[in-house]
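One structure is given here, and the rest of the page talks about it.
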Amino acid sequence: MTGYNSNGEVATSNGNGHSNGHSNGHKTADYTAQENATYPYEVIQEIADFITKGSGMRPKIGIICGSGLGSLAEIIQDPKIFEYEKIPNFPVSTVEGHAGKLVIGTLEGATVMAMQGRFHFYEGYPLAKCSMPVRVMKLCGVEYLFATNAAGGINPRYAVGDIMLMHDHVNMLGFAGNSPLQGPNDPRFGPRFPALVNSYNKELINKAIEIGKTMGIESNVHVGVYSCLGGPNYETIAELKALRMMGVDAVGMSTVHEVITARHCDMKVFAFSLITNKCATEYSDKKDEEANHEEVMAVAKNRQKACCELVARLVREIHSNAAS
Ligand SMILES: O=P(O)(O)O[C@@H]1C[C@H](O)[C@@H](CO)O1
């Protein structure tokens with residue numbers, strides 16, 4: 001099978017389907033040359049076949065779990081679990097709070113696949129590689145992408161633990177000339193120049209607002225604009241001020257390239273940020289106002305129940321509407 005080895009060269013996998021180039025047990029990013037970052041359709045198809053044949057399932061909804069939100073995948077029943085390391089040509093997760101497992105099974109009657117662990121630009125992966133699993137989902141049969149993330153709240157009205165339903169984004173990596181769609185375009189995935197207005201499905205946002213009301217958390221649910229920066233460093237005060245002036249409500253290091261890839265191949269997208277920290281937009285010497293990953297993980301753990309419930313109820317809505 002054709003793939004890429006850790007030097008970015010075209011490689012042929014061995015008998016057990018491994019060609020990830022990380023056999024020494026270290027979880028380090030599998031560096032791939034930029035020119036090889038766009039996976040050919042056939043390679044994506046092989047990965048999708050590996051998953052659908054291995055699980056005997058064709059999921060309709062794909063879920064990407066954000067930092068510390070891997071428990072979203074633990075509510076899936078009768079799961080078939082694939083470790084990323086065992087999936088041919090799949091990258092590996094290198095970040096704490098991203099387990100590196102693909103979980104396929106049933107949630108509220110629907111067949112879903114969830115990524116417990118996503119790939120970030122700061123891990124050393126090109127954007128096309130970060131969002132390649134979205135194309136795998138598409139060829140597995142996924143029609144709806146749910147993407148979740150941990151983010152810093154810039155909107156002063158947001159509190160730690162709130163949920164922001166994404167209705168738009170500002171693609172800062174795109175401003176810098178980076179896109180997951182760079183390189184040759186394969187029209188079997190989508191058009192060369194996709195439009196991104198209305199990327200976030202309004203019907204799903206409205207349903208999620210209603211679900212928030214029935215959960216009694218309506219005052220903790222917002223609708224806002226997310227921006228992705230490259231990371232891994234958190235933002236400076238000047239950057240946060242600039243983002244706020246641009247209309248950004250929450251900032252993180254993911255999701256946008258996944259959404260672009262999903263919209264390119266015509267998936268319906270629902271995404272939300274869990275606000276894990278408030279971003280200071282004024283200068284201060286207070287150490288406790290500095291963002292840190294431990295706090296992000298701790299807040300995510302505290303709020304995982306509400307996040308799981310929101311996801312499960314929205315999946316139920318989609319499934320019951322499709323069945324009726
Ligand atoms: O994968 P997400 O976007 O949820 O993770 C956020 C961004 C960084 O990876 C990390 C920073 O604490 O959390």
Side-chain angles (χ1 to χ4, degrees), residues 27-29 62-74 84 91-103 114-125 127 129-134 145-154 158 160-166 169-173 178 180 200 224-236 239-240 243 248-262 269-280 288-304 306-308 310-311:
K27 284 199 162 194
T28 51
I63 304 166
I64 302 179
C65 305
S67 276
L69 292 171
S71 56
L72 290 174
E74 283 159 21
Y84 292 170
V92 288
S93 283
T94 69
V95 184
E96 198 197 338
H98 291 265
K101 290 179 187 162
L102 195 65
V103 182
M115 290 178 65
Q116 270 186 326
R118 60 151 54 89
F119 308 111
H120 305 84
F121 190 62
Y122 64 74
E123 292 175 75
Y125 294 127
L127 289 182
K129 190 164 189 167
C130 292
S131 54
M132 167 273 252
V134 173
L145 177 72
F146 284 27
T148 70
N149 60 62
I154 307 182
Y158 291 4
V160 170
D162 285 358
I163 290 172
M164 185 194 80
L165 310 175
M166 289 168 62
H169 68 234
V170 175
N171 180 9
M172 292 306 286
L173 295 175
N178 238 316
Y200 298 86
V225 176
Y226 172 88
S227 183
C228 165
L229 271 62
N233 53 283
Y234 295 101
E235 302 70 34
T236 66
E239 286 163 351
L240 291 164
L243 289 170
V248 172
D249 297 297
V251 61
M253 305 176 195
S254 67
T255 309
V256 167
H257 36 277
E258 298 156 355
V259 170
I260 293 171
T261 305
V269 169
F270 171 73
F272 71 80
S273 301
L274 174 66
I275 304 302
T276 52
N277 53 290
K278 268 176 95 71
C279 293
D288 62 357
E289 286 187 3
E290 290 180 3
N292 65 81
H293 194 55
E294 288 67 41
E295 181 190 12
V296 169
M297 300 276 288
V299 173
K301 194 169 174 213
N302 262 336
R303 297 296 288 159
Q304 58 190 351
C307 294
C308 286
L310 175 62
V311 167

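Whatever order the structure lists them in is the order used to number ligands and atoms, beginning at 1.
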Subset of ligand 1 atoms that lie under 4.0 Å from at least one heavy atom of [X]:
X	value
H98	1 (O)
Y234	11 (C), 12 (O)
G66	4 (O)
H120	1 (O), 2 (P), 5 (O), 9 (O)
Y122	8 (C), 9 (O)

(message) Under 3.5 Å, is there a donor on one side chain and an acceptor on the other for N149 and T255?
(response) yes

(message) Less than 3.5 Å apart, any donor N or O on the side chain of R303 or T276 sitting next to an acceptor on the other?
(response) no

Please check whether [X] reaches ligand 1 - meaning an N/O of the residue sits under 3.5 Å from an N/O of the ligand, judged on distance alone.
X	value
S67	yes
T148	no
M253	no

(request) Supply the atom-to-atom distance L69 CG to Q304 CD, rounded to the nearest 0.5 angstrom. (result) 8.0 Å

(message) Within this structure, what is the OH-CZ distance for the pair Y226 and F272, rounded to the nearest 0.5 Å?
(response) 12.5 Å

(message) Walk me through whether F119 and Y84 qualify under ring pair (Phe, Tyr, Trp, His ring centres under 6.0 Å).
(response) CA-CA 11 Å; F119 308 111; Y84 292 170; 5.4 Å; yes

(message) Taking the side chain as everything from C-beta on, heavy atoms only, tell me whether E239 gets closer than 4.5 Å to V251.
(response) no

(request) Indicate, as side chain, backbone, both or neither, the part of N149 found under 4.0 angstrom from ligand 1 when only non-hydrogen atoms are considered. (result) both

(request) Applying side chain to side chain contact (heavy atoms under 4.5 Å, CB included) between M115 and each of V103, I64, I63, report the one that passes. (result) I64

(request) For atom 3 (O) of ligand 1, find the nearest protein heavy atom and state the residue, atom name and distance (0.1 Å precision). (result) S254 OG, 2.5 Å

